[in-house]
Peer 1: 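Can you read through this structure? Questions will come right after.
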There are 4 protein chains.
Amino acid sequence: MPPRRPVKRVCLAYSGGLDTSVILHWLIENHGCEVVAYTADVGQEEELSGLPEKARATGAVDCVVRDLREEFVRDFVYPAIRGAAVYEGSYLLGTALARPLIAKEQVQVALETGCDAVAHGATGKGNDQVRFELTFRALAPELEIIAPWRDPEWDLRSRPDCIAYAQKYGIPVSATLKKPYSMDRNLMHASYEGGVLEDPWRAPDADMFVMTRSPEEAPNAPLELVIGFEKGTPVSVDGETLTPARLLSRLNAVAGEHGVGRVDMVENRFVGLKSRGVYETPGGTVLHVAHRAMESITMDRDVMHERDRLSPRLAELIYNGFWFSPEMEVLRAAVDASQENVTGEVRVELYKGGVAVTGRRSPVSLYDEALATFDDAGAADTYNQADATGFIRLQGLRLSGRR
Amino acid sequence: MPPRRPVKRVCLAYSGGLDTSVILHWLIENHGCEVVAYTADVGQEEELSGLPEKARATGAVDCVVRDLREEFVRDFVYPAIRGAAVYEGSYLLGTALARPLIAKEQVQVALETGCDAVAHGATGKGNDQVRFELTFRALAPELEIIAPWRDPEWDLRSRPDCIAYAQKYGIPVSATLKKPYSMDRNLMHASYEGGVLEDPWRAPDADMFVMTRSPEEAPNAPLELVIGFEKGTPVSVDGETLTPARLLSRLNAVAGEHGVGRVDMVENRFVGLKSRGVYETPGGTVLHVAHRAMESITMDRDVMHERDRLSPRLAELIYNGFWFSPEMEVLRAAVDASQENVTGEVRVELYKGGVAVTGRRSPVSLYDEALATFDDAGAADTYNQADATGFIRLQGLRLSGRR
Amino acid sequence: MPPRRPVKRVCLAYSGGLDTSVILHWLIENHGCEVVAYTADVGQEEELSGLPEKARATGAVDCVVRDLREEFVRDFVYPAIRGAAVYEGSYLLGTALARPLIAKEQVQVALETGCDAVAHGATGKGNDQVRFELTFRALAPELEIIAPWRDPEWDLRSRPDCIAYAQKYGIPVSATLKKPYSMDRNLMHASYEGGVLEDPWRAPDADMFVMTRSPEEAPNAPLELVIGFEKGTPVSVDGETLTPARLLSRLNAVAGEHGVGRVDMVENRFVGLKSRGVYETPGGTVLHVAHRAMESITMDRDVMHERDRLSPRLAELIYNGFWFSPEMEVLRAAVDASQENVTGEVRVELYKGGVAVTGRRSPVSLYDEALATFDDAGAADTYNQADATGFIRLQGLRLSGRR
Amino acid sequence: MPPRRPVKRVCLAYSGGLDTSVILHWLIENHGCEVVAYTADVGQEEELSGLPEKARATGAVDCVVRDLREEFVRDFVYPAIRGAAVYEGSYLLGTALARPLIAKEQVQVALETGCDAVAHGATGKGNDQVRFELTFRALAPELEIIAPWRDPEWDLRSRPDCIAYAQKYGIPVSATLKKPYSMDRNLMHASYEGGVLEDPWRAPDADMFVMTRSPEEAPNAPLELVIGFEKGTPVSVDGETLTPARLLSRLNAVAGEHGVGRVDMVENRFVGLKSRGVYETPGGTVLHVAHRAMESITMDRDVMHERDRLSPRLAELIYNGFWFSPEMEVLRAAVDASQENVTGEVRVELYKGGVAVTGRRSPVSLYDEALATFDDAGAADTYNQADATGFIRLQGLRLSGRR
């Protein structure tokens, strides 16, 4: 996609790695523009300290680093958990949740630094290009968008091409060994795709994972945790109130240790392809399980069933990149309304990759022990068993003799 | 619910246990009718050989035992798996799937043995009364329905009452110790509720479970299995074609050994209560996981998302007892249409309570490795990365500048 | 339903007609209680001035009349219009919207006048009993509910029985001729069911209708109206700002004159029966049509499609009596979020029973004439036709060669 | 979209009008290929007799005319009616239903005549390009697709450009006056958009319509019709069995005479634009109304509500061009299952633009007059009013005291 008009200054989503380093230089060369490098810290656990120097050495006029970790968990991860957003039954949306935040802040940086364009290093077959660009369009349609990998002028077709380009122009890149797959990481998860993973019959190699031990290598003793929620939002672990990023980090550490949260799946990308993805989402998995259990005693049945009909759609919107869309606001209003009463504590046990719910309690519980009991003494005042007769008879009226 | 008119001969769903033995006798006493005892073998693993003698000793004019195991798995469990039917995110519906079959066969037996009524021993607060009675109403509305626990004439209010009644009338019941919870079991699962489980903060006792080892006591070495599917239906394990009941039994054995399929939840009953249920569904859990993975490479994206919108509704219908309803036929037509291409094999690994998918393959796979690859050489003919530009631009058109 | 415990003072929903007059007296006789008569003015256009005297003459200790017309339209009718709530494709829910309001206020009156029970005159086969009683249960579960028509003690089985009872006890009832159908009326609509209408092949008699002329008798010249909306709420007619009740009254007058809003349908009651209902909803029909047209230029496509998936469910909840339910709050949050931008004006033409939209405009219109035009000069900057190629190609990727 | 490789013979969807005549010639000139002209008769009521000669005179090597009218109504219109498919509440999908059929047959003709490409004259902003091309991709992905209006080589930007091109090359085109809007017509409807209609506040001119009189000019006497259905499919009018195309033609004539079926709306195109469309669908409107009424007495409540949740999605798929998609097959399986019992007759009255249902009857009616009646004698055996007490109490259990 060539820009529709010449650009003067481009804000580039920059990681300091080979690809975005080459893109930084290529933008200057090919578009005759200035480049502002921009890096978001969403918990990817990479060294960010030397990044501005590296960006400038590569040609950037400026390099802006933003710590978005608390915002990421508070405003993106937690809403997804409240909405029980899981894509195609398994993917907890770690990357999909980070992209709109990264892109939103990129727009902010672009406007603050006088840029007239934004650029990213996502390829033309993936979901991330969509997530970046829909956010750009929604928040600042006046900015030109440059996606070098889809640019007809871009002629670097492989990693060796990029390395050669870097050497030719003296771009400082670490000579890291190429991994046999591509990877993304943030506070929510690490994801892997491509390369050796493209064969869906072949299991991933054991040494690929970075956030979790394998279940086999996890401790032999289970670990018990108590997660506290307020209106559907996680607020504490074992009684200790924690900020969003700290809470998720804490859970990542213990759940990762216990081998929790690995998923290996084939998913459907928005652009129409099937793709194999492997994920590790240790803390997020614990939160999803615990949140559902919290709802089980605090959420009305029909509210839950209504919300459950919205969840797959919510996940689809997040996956496809429509975080900043008007329909997302409608879904979020519904989800928020559903969480009014979701307050209390859930006890889970982590063991060898599993998360088992072992208890839930709440000051606003809708579970009524006296009512639930089969013991006859229970709640006869509230629940008269004879009522069931009329209930069943009218439920069955329209079925009667259909066969 | 007193019958609306006197009944002459009642077909009773009979297990030989305390409750239905007492009910058998009570029906004769209170309704002045004959009783045909009926027992379905759905894999509850109880001794059925002496049952007819016992029933007759208690007063039954006849006792009919039917082996429904293959039909249960083939026509009830497998459709639920094809439809990805999971109630409230966790319950795999083991009891809910068996009830309509048991009741359907009970109607058949009633008609064959000249009964004018049917009776069951389910209580007035649970789901099972609904499942029994909606099936009766749908299939044979001319039969009277007797539900002793809701009958105003029924004055046995506790287990000791029932034991006293049995002793008084010389009803042969085993002097088993009452378990501190109630239990149901069939080929799909074992379920537990009531009694000590009514406190949702208290974890179940370790010795309660009958189909699964605890994850802690499961083998230290993982087990790999390959499940084969045809049009969404499980057909083989490790290459061996098996009948439905045999296949599920096989999986129950190995998955139970590996601690797979325990669920502890609070659920919403159809009659309006919240209730705590604990389940073990070893083989069914493996099948649900493997089936979803089978779909991942053989099912079109939009078919999957459409089906995923129907699944919660399908689960709700099953849970609530509407198996034999016209709306169920509509949902099943949609689900069946969605499974046309779901054929192939999935490899899973069982370990310490977990089921991990490690591979999937299919002769009719929709996953296209050449297309999926980020490697530039791949499928340029089919997928032109430049197409993504127009795709994203039109997707974003309506979002543009909304903020 | 006999009350579970003796009641001392009952608040009865009272109209002054034969049925509720008899019930008033019957309550005193049979329950040995006091009765507070309560009447809500929801625009039924009946004489309310002598009602308190009549109630007291029948035995009531008090009679409370409440004018709920503005609240009815503002808080019940308008939310239904914003949510496009139409039951089974045709019924605009006039009665279903009024019942929860009437019952809510009845609870209020009951509590203010020291009642320990509430009673209504709805029969045991209809929807209204459910709407009354679910509201009572939701808002004041401590109040006993008395539904005489379902009471085993109630032995008046027909209108002559009631007239005889009234005569016996000197209850003042007008000797009106019984209509050959039953009717309900409020500011939103008039409805008819029962009696001669029970034959679904027979058209209603021409003289039945009270709010609308027949299309044949409507004026021969069309009438043009402009309806103004703010955030989805109707606010003005032909430029004149009107309170909710006045606005709807105004529209009822003109739309009734033009024969707008008659519906003749067979619907499915919540209790499991099919029932034939005839409705006239003149002003409400105009508002539904105009509101949809207002949305057409102000509502984002995907917001609309999301809302359209919720509308049938919203209508079902209203119809079934779940206005005061937690799931309704979730749906209303979603609907309200969808209406943020629904502001502007719609021009409609009324003629011989029809409502035709002839124009719509908005200061916040999302319709972009320059963009929409097929004229090539239009908006080339925003919409590049070449983008459609990539859009279509990726949309079609998963379909390719499926047959 | 330039073809990815040179093409030798193109099958062009050809109407004989200015645009497709120019395109025919332009394809030969610009692609150096042969052109097979193809015209489908879907009831557009244009003169087709001289078309082959005209096509050959313009340069075509062949011209194939196919009469698809019966197939159109039987396999496209009727399924939409069975599915109650209405886009955004108003549009009955006349054009959207015809495009996939036209394109399917075009693929057939292309393959039969040895073409390696297909072409159409739809522009780059509309829905029709998508409907054509998704069908091409689904049915014959090996065929190149040429869409001249989006082709960078295409430089005719206006009608005068096209006329000049035609004159330059001696292309035989009728010198018809350009209409101030664009129009499409088939057996289902006539549609209008663009030009003077682009102002959404301006009503269409009275002389635009071709299938319907205006309500004002319609007869002063109403007309009664009886439509017969079998399994949801229209089969007769006033007792006379008719083929699909004849039945729809018959209804078009009478309903058009009575001014039925005009719709004026702003709709959301798949490509992301809002667009104003005016439609006249006389017979189709009658069928939709009558079909819904037929369902009202023959379709189970929960089947209807389930289907009603699918209808908006069905309409969206049809509108967007996904007729030949696997998800459409899933929806159609569900819809077909819902129609099993939809058999009987509906009486409607046409008057001044309106269609009023005045009666419905069926040999398989689910409406039970004895059950529905409020008259106490009715069906006490089947419906015991006391049952409503238990029904309501359990429905209200979870609501109790929520406020």
Side-chain angles (χ1 to χ4, degrees), chain A residues 1 89 123-125 129-130 133-134 137-139 141 150 157 194 198 200-201 203 215 264-266 268 271 273-275 292 296-297 301 305 308-309 312 316 325-326 351-354 357-361 366-367 369 371-374 376 383 385-386 388-389 392 395-396 399-403, chain B residues 1 89 123-125 129-130 133-134 137-139 141 150 157 194 198 200-201 203 215 264-266 268 271 273-275 292 296-297 301 305 308-309 312 316 325-326 351-354 357-361 366-367 369 371-374 376 383 385-386 388-389 392 395-396 399-403:
Chain A
M1 183 174 60
T123 73
K125 282 185 171 179
Q129 57 177 343
V130 191
E133 298 179 27
L134 291 183
R137 288 296 291 271
L139 302 184
R150 300 198 315 259
R157 290 287 161 248
E198 285 167 8
W201 187 249
D264 177 346
M265 68 189 289
V266 173
N268 291 288
V271 294
L273 304 172
K274 282 186 183 291
S275 157
R292 181 111 212 157
S296 76
I297 59 163
R301 177 188 68 194
H305 294 193
D308 285 352
R309 275 187 278 273
E316 200 178 346
S325 70
Y351 176 67
K352 294 282 189 187
V357 176
T358 62
R360 60 300 268 167
R361 64 183 173 194
L366 302 178
Y367 175 87
E369 210 165 314
L371 196 57
T373 185
F374 283 106
D376 190 65
Y383 190 102
Q385 298 207 19
T389 300
I392 299 170
Q395 292 287 357
L399 306 180
S400 186
R402 287 291 302 239
R403 283 142 194 271
Chain B
M1 183 174 59
T123 73
K125 281 185 170 180
Q129 56 176 344
V130 191
E133 297 179 27
L134 291 183
R137 289 295 292 269
L139 302 184
R150 300 198 315 260
R157 291 285 161 248
E198 285 167 8
W201 186 248
D264 178 347
M265 69 188 289
V266 173
N268 291 288
V271 293
L273 306 172
K274 283 186 182 292
S275 157
R292 180 112 212 157
S296 75
I297 60 164
R301 177 187 67 193
H305 295 192
D308 286 352
R309 274 187 280 273
E316 201 178 346
S325 70
Y351 176 67
K352 293 282 190 186
V357 176
T358 62
R360 60 300 268 167
R361 64 184 173 192
L366 302 178
Y367 175 86
E369 210 166 316
L371 196 57
T373 185
F374 284 107
D376 190 64
Y383 190 102
Q385 299 208 18
T389 300
I392 300 169
Q395 293 287 357
L399 307 180
S400 187
R402 287 291 300 239
R403 285 146 192 268

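We name chains A, B, ... by the order of the sequence lines, and we start the count at 1 in each one. Worth knowing before you read on, the calculation uses all heavy atoms, side chains too, and leaves out hydrogens, waters and symmetry mates.
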Peer 1: Tell me the closest heavy-atom pair linking B:L134 and A:I392, and the distance in Å.
Peer 2: CD2-O, 3.9 Å

Peer 1: Against chain B, label A:R361 side chain, backbone, both or neither, depending on which of its atoms sit under 4.5 Å from a heavy atom there.
Peer 2: both

Peer 1: Using a cut-off of under 4.5 Å on heavy-atom pairs, state which of A:R301, A:Q395, A:Q129, A:E316 scores highest against chain B.
Peer 2: A:R301

Peer 1: Tell me the closest heavy-atom pair linking A:D308 and B:P312, and the distance in Å.
Peer 2: O-CG, 4.4 Å

Peer 1: If you take all heavy atoms of A:T123 and B:Q385, which pair is closest and at what distance?
Peer 2: C-OE1, 4.0 Å

Peer 1: To the closest 0.5 Å, what do you measure between CG (A:L273) and OH (B:Y367)?
Peer 2: 9.5 Å

Peer 1: I need the residue from A:G89, A:S296, A:A203 with the largest number of non-hydrogen atom pairs under 4.5 Å to chain B.
Peer 2: A:S296

Peer 1: Going by side-chain hydrogen bond (donor to acceptor under 3.5 Å, both in side chains), name the residues that satisfy it together with A:D264, two or more places apart in sequence or in a different chain.
Peer 2: A:R276, B:R360

Peer 1: What is the distance from atom CG of A:L366 to atom NZ of B:K274, rounded to the nearest 0.5 Å?
Peer 2: 5.5 Å

Peer 1: Which pair of non-hydrogen atoms, one from B:A388 and one from A:G124, has the smallest distance, and what is that distance?
Peer 2: CB-O, 3.6 Å

Peer 1: Chain A heavy atoms under 4.5 Å from B:R292: which part of the residue, side chain, backbone, both or neither?
Peer 2: side chain

